[in-house]
Amino acid sequence: MSNAPTSPQRISTAWFKALAEIGGVPGSAARSRGLLQELAGRFLAAPAGAEPLRELGAAAGRALVDGNYTQPESIATTVGVLEENLPGEFGRTERTALYAGLAAGYANALRERTRAEQELIRQAVLSAHRTGEGRFRAVFRNAALGIGVVDGTGRVLEVNERLARILGRDATAVRGRTLEAFQDGDDQPEFCTAIRELLAGRRGHYSAEKRFTSAEGAVTWTRMQASTVRAADGSVELLIMMFEDITEQRRMNQKLLHQATHDALTGLPNRTMLLDRLTELLDAAKPDERVGLAFLDLDGFKGVNDTLGHEAGDRLLAEVARRLSLATDPDLHLVARMGGDEFVILVPRTTSSSCVTDVAKAALAALQEPIVLDGRRLSITASLGLVERPAAGAKPVELLRAADITLYWAKADGKARWALFDQERNEREVARYALSQALPTALEHGELFLEYQPIVDLSGGATYAMEALVRWNHPTRGLLGPGEFVPLAEETGVIVALGRWVLRRAVRDAAAWPPAPDGRRVSVAVNVAVRQVHEPDLIADVTEALEVSGLPPELLQLEITETAVMSPGESGRPALETLRALAELGVRIAIDDFGTGYSNLAYLHRLPASTLKIDYSFVQALTEPTANGHDQAEAIVTSLINLAHACGMTVTAEGVETPVQAAILRELGAERAQGFLYSRAVPHHRVPDFCSGFELELAETTRQG
């Protein structure tokens with residue numbers, strides 16, 4: 001925070017002026033200006049974090065008292081100046097911590113000074129009372145505290161004007177009365193008990209915060225100190241009571257407490273208060289009690305800020321907060337704003353999950369009516385993550401985490417809905433997350449390897465290509481197939497590094513494969529993920545892999561899914577441009593899993609692809625019994641084959657498992673096939689057998705036998 005644009009001099013100037021207006025300048029103006037400028041400099045140079053600022057605020061509060069800024073309005077004025085002049089990088093959390101420290105440090109220092117002054121006054125009152133009426137009156141007139149002197153029977157002997165003002169009565173009307181004159185309707189029983197014990201000599205000192213209410217209803221809070229003066233025989237001769245007006249301090253503390261526990265924009269409790277309330281609830285919970293949370297997030301809120309501006313977004317959030325408050329029971333539920341467009345509803349003492357789902361339904365219903373901003377009717381929806389479980393043993397952070405996780409399940413399921421936490425699903429999600437985090441390390445530690453599955457010619461059975469399939473030898477979970485970790489790599493972005501590794505390793509392996517008996521070379525097929533297609537480095541990666549390995553470009557087939565080639569990437573580099581550049585290198589392009597994605601037939605004929613791969617689901621349907629027999633499946637496959645041929649592509653069928661499927665595909669015009677009928681994926685050292693045709697001949701003999 002040391003680079004803040006606001007200077008210490010600017011803050012101290014405004015601070016000095018504001019304090020001067022409420023009570024003058026204590027002592028030298030130059031000394032006061034220097035003190036305030038030094039404190040302002042400390043604020044601006046403070047390290048980030050709430051705790052350092054709280055400590056700094058406490059030190060500053062003590063410094064103000066030491067500098068004789070002891071007027072009741074001093075701390076409130078200080079907070080007002082800082083609120084206006086601190087730079088924007090001081091967030092609400094940092095400001096609240098600083099102000100809370102200021103109030104605490106100021107109050108503690110003032111209390112210590114007051115106690116010292118009270119003892120001096122007590123001694124002066126006692127001495128004056130015993131030595132002469134004139135001196136006694138002088139002490140009373142000059143005292144900044146309210147002072148009352150009571151005899152050993154509890155009769156009020158004297159009160160000064162300051163105490164009379166606190167009591168809201170004339171001083172002469174109080175003298176001669178009993179201690180009931182100091183009582184208030186809201187006094188705690190402890191007060192009356194303590195006074196009786198003081199007068200009886202069973203205790204010598206008592207201090208407490210005490211409230212006084214005037215006839216007009218005005219409330220004054222004081223910090224009371226009462227002590228006894230004993231006669232020579234040990235009996236209580238006098239009771240001296242001193243009252244410090246702390247009304248302004250309490251008001252400021254309450255304001256700071258509210259700021260620390262409530263959201264400034266919506267007025268709702270904030271995360272701090274929610275966690276405090278939840279902690280209290282869980283700590284006090286009985287063994288059979290349950291608790292629920294609803295974590296709410298607005299759908300598409302960023303669009304409101306981006307189009308209408310943040311001021312409109314703030315008004316929308318305030319309206320959402322109002323509606324959620326009206327939709328819940330204020331005596332039962334706690335609605336809190338976590339920050340941004342996130343809200344949490346605490347549902348204590350639940351009996352079943354329906355207690356939380358009912359709250360979620362009410363919240364969604366409250367947001368159904370459009371919100372009007374500047375004449376625009378905005379339809380806003382929300383998603384909610386719900387958790388409901390036994391309170392015993394639960395932790396606040398764990399409950400919030402569970403609800404937050406479930407919120408994203410609701411988002412993934414389509415938004416504008418709620419989802420209920422499921423422990424088994426969460427465990428699966430945690431396992432997936434752990435796997436995704438371990439994947440980059442797996443690349444570094446050599447835990448990944450390739451296996452190859454043959455792609456054969458349907459006409460003669462010769463191996464045309466070997467498709468590279470990545471495997472993960474996980475140190476604790478064992479062998480993992482691509483379906484278990486490739487989707488995670490795509491989600492996290494690791495797919496780019498993973499795809500580059502697969503490409504380099506597969507091309508290097510293929511360069512060492514022997515030619516077939518007729519001299520023909522077997523190609524290698526490598527899958528390319530959607531994100532890779534839109535990476536600007538893909539062309540360079542392919543070029544480098546080919547140059548390093550020495551593999552001819554025409555022996556590399558890149559298999560790209562239908563989704564990847566039908567839309568531009570985030571970088572704006574169209575897939576078509578990338579594929580054309582690869583084709584110009586001599587690399588063959590295959591469209592993988594065709595028929596399962598977004599098929600833009602008008603776009604298909606423009607692709608520089610040489611092969612179309614029919615998804616295995618269509619192949620399986622060729623031999624699965626249906627209401628229409630196999631005619632419908634054959635008609636679909638025939639259409640796909642005809643489409644590919646019309647675009648100048650050959651056809652490879654995936655997932656071929658039976659000779660019947662192979663025969664049908666051959667009859668329908670497909671050129672190649674791939675599947676368990678021919679072989680599962682095999683290690684690299686067995687690929688030469690497929691290049692020679694030995695393994696396929698063995699498989700054919702086994703089928704016929």
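Keep in mind that the numbers below use all heavy atoms, side chains included, and drop hydrogens, waters and symmetry copies.
Between Leu19 and Leu36 there is a side-chain heavy-atom pair separated by less than 4.5 Å. Using a 4.5 Å heavy-atom cutoff, the side chains of Met252 and Val79 are in contact. Side-chain contact check for Leu98 versus Arg54: every heavy-atom pair is 4.5 Å or farther apart. Side-chain contact check for Met241 versus Leu239: some heavy-atom pair is nearer than 4.5 Å.
Between the Ser235 side chain and the Ala231 main chain, no donor and acceptor come within less than 3.5 Å of each other. The backbone N or O of His333 lies less than 3.5 Å from no partner atom in the side chain of Asp329, so there is not a single donor-acceptor pair. Judged by distance alone, with hydrogens and angles left aside, the side-chain atoms of Asn305 form no donor-acceptor pair with the main-chain N or O of Glu311 at under 3.5 Å. Between the side chain of His262 and the main chain of His258, a donor-acceptor pair closer than 3.5 Å is present. A donor-acceptor contact shorter than 3.5 Å is absent between the side chain of Arg155 and the backbone of Arg177. Between the side chain of Asp404 and the backbone N or O of Leu400, no donor-acceptor pair lies under 3.5 Å. Of the possible polar contacts, one joining the Arg230 side chain to the Gly201 backbone as a donor-acceptor pair under 3.5 Å is found. Side chain of Ser12 to main chain of Arg33: no donor-acceptor pair is present (N/O by atom type, distance under 3.5 Å, no hydrogens or angles). Distance alone, capped at 3.5 Å, is enough to place a donor-acceptor pair between the Asn270 side chain and the Met273 backbone. Proximity of a side-chain donor or acceptor of Arg323 to a complementary backbone N or O of Glu369 within less than 3.5 Å is detected.
Cation-pi check for Arg62 over Tyr106 is not met; the charged atom does not lie both under 6.0 angstrom from the ring centroid and within 45 degrees of its normal. Annotation: cation-pi geometry not satisfied between Lys210 and Phe243 (NZ/CZ under 6.0 angstrom from ring centroid, within 45° of ring axis).
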What side-chain donor-acceptor pairs closer than 3.5 Å can you find for residues 289-298, not counting sequence neighbours?
{"from": "Glu289", "atom 1": "OE1", "to": "Lys286", "atom 2": "N", "distance (Å)": "3.2"}
{"from": "Arg290", "atom 1": "NE", "to": "Glu388", "atom 2": "OE1", "distance (Å)": "3.4"}
{"from": "Arg290", "atom 1": "NE", "to": "Glu388", "atom 2": "OE2", "distance (Å)": "2.6"}
{"from": "Arg290", "atom 1": "NH2", "to": "Glu388", "atom 2": "OE1", "distance (Å)": "2.8"}
{"from": "Asp297", "atom 1": "OD2", "to": "Lys411", "atom 2": "NZ", "distance (Å)": "2.7"}

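Taking 4.0 Å as the cut-off between side-chain N and carboxylate O, Arg315 and Glu319 do not count as a salt-bridged pair. Checked for salt-bridge contact, Glu398 and Arg401 miss the test: no charged N lies under 4.0 Å from a carboxylate O.
When only modelled atom types and interatomic distance are considered, Glu83 and Tyr99 share a side-chain donor-acceptor pair under 3.5 Å. Counting only N and O atoms by type, the side chains of Asp276 and Thr279 include no donor and acceptor under 3.5 Å apart. Side-chain polar atoms of Trp15 and Thr78 form a donor-acceptor pair below 3.5 angstrom.
Surrounding CZ of Arg203 are more than 12 heavy atoms belonging to other residues, nucleotides or ligands, all under 6.0 Å away. Enclosure of atom CD in Gln9 is not indicated, since only 12 or fewer non-hydrogen atoms of other residues, nucleotides or ligands lie within 6.0 angstrom.
Screening Arg223, Arg162, Arg250 against Asp245 for a side chain to side chain contact (heavy atoms under 4.5 Å, CB included) leaves a single residue, Arg162.
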Kindly indicate, with the supporting measurements, whether the criterion salt bridge (charged side-chain N to carboxylate O under 4.0 Å, His left out) is fulfilled by Arg337 and Glu342. CA-CA 6 Å; Arg337 183 186 177 206; Glu342 294 180 337; over 6 Å; no
After noting the C-alpha distance and the side-chain angles of Arg165 and Glu161, does the key distance pass the salt bridge (charged side-chain N to carboxylate O under 4.0 Å, His left out) rule? CA-CA 6 Å; Arg165 288 197 299 272; Glu161 292 301 322; 5.3 Å; no
